[in-house]
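Here the structure is laid out as structure tokens; the discussion comes afterwards.
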Amino acid sequence: GAKRVRGVDDTWPEPGSQFHHEVGVGPLTIKDSSTLVSMDPPRQVVLEVRAWPAGKARVTITMTPRAGGGTEVLMEEVPTGGPARTIDSWPLRRVTMLRNMESLKRLRRIADGPGS
């Protein structure tokens with residue numbers, strides 16, 4: 001869901017390492033970072049994502065090979081702290097789902113490569 005990645009720790013992808021990003025809409029942005037909690041290549045990545053003052057969440061990205069080729073990618077996001085956890089509601093989940101769908105579309109464009 002990041003608009004832009006500002007930097008990545010030299011220790012990436014070790015658990016506890018971070019990437020620093022900007023999130024937001026239009027000119028409204030928040031600069032923060034996300035931490036790699038765990039990784040089980042090529043199956044799963046778990047991140048603690050932060051966007052203070054909005055809050056933080058645990059994001060689990062699971063990759064499953066598909067019969068006939070390709071990979072199914074599932075992104076699950078659960079608020080774990082700050083206002084995002086306090087105001088967890090159907091409308092907030094819907095907005096989060098739409099943002100994550102856009103993130104997965106961007107990932108697909110990157111994975112498919114140039115000209116696809």
Indicate every side-chain donor-acceptor pair of residues 69-83 with a distance under 3.5 Å to a residue at least two apart or in another chain.
from: Glu77; atom 1: OE1; to: Arg99; atom 2: NH2; distance (Å): 2.5
from: Glu77; atom 1: OE1; to: Asn100; atom 2: ND2; distance (Å): 3.0
from: Glu77; atom 1: OE2; to: Arg99; atom 2: NH2; distance (Å): 3.0
from: Thr80; atom 1: OG1; to: Lys56; atom 2: O; distance (Å): 3.4

Name all residues meeting the side chain to side chain donor-acceptor pair (under 3.5 Å) criterion together with [X]; count only those two or more places apart in sequence or in a different chain, and write none if there are none.
X	answer
Arg6	none
Arg4	Glu22
Thr62	Gln44

For this session: Check the hydrophobic clustering (I, L, V, M, F, W, Y; side-chain heavy atoms under 4.5 Å; chains of links allowed) and say if Val95 and Val49 are grouped together.
Result: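 No: no chain of side-chain contacts under 4.5 Å links Val95 to Val49.
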
| message | Looking at Ser17, is its backbone amide N or carbonyl O close enough to the side chain of Asp9 to form a donor-acceptor pair, meaning the two atoms are under 3.5 Å apart? | response |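 Absent.
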
- [ ] With sequence neighbours excluded, tell me which residues meet salt bridge (Lys or Arg N to Asp or Glu O under 4.0 Å) with Asp10.
- [x]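 Here no residue qualifies.
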
Are side-chain heavy atoms of Arg106 and Leu104 found at a separation under 4.5 Å?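 When only atoms from C-beta onward are counted, Leu104 and Arg106 do not touch, as no gap falls below 4.5 Å.
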
**Request:** Please examine the side chains of His20 and Asp32, heavy atoms only from C-beta on, and report whether any two atoms are closer than 4.5 Å.
**Result:**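 Answer no - side chains too far apart.
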
Quiz item: OG1/Thr60 to CG/Leu47 distance, rounded to the nearest 0.5 angstrom?
Solution: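 The OG1 atom of Thr60 sits 8.0 Å away from the CG atom of Leu47.
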
Problem - side-chain contact (heavy atoms from CB on, under 4.5 Å) involving Pro13 - partner list, sequence neighbours excluded - result: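 Checked Pro13 against side-chain contact (heavy atoms from CB on, under 4.5 Å); matches are Leu36, Met39.
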
Check: Using 4.0 Å as the upper bound for N to carboxylate O, is an ion pair formed by Arg109 and Asp112?
Finding: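 Looking at Arg109 together with Asp112, the answer is no, because their closest N to O distance does not fall below 4.0 Å.
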
*Of all the heavy-atom pairs spanning Glu48 and Val37, show the shortest one and how long it is.*
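Looking at all heavy atoms of both residues, the closest pair is N-CG2, 3.6 Å.
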
>> Is it the case that over 12 heavy atoms from other parts of the model lie below 6.0 angstrom from the CE atom of Met101?
In response: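 Check fails, neighbour count at 12 or below.
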
Do His21 and Ser33 have side-chain N/O donor and acceptor atoms under 3.5 Å apart?
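Short answer, no.
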
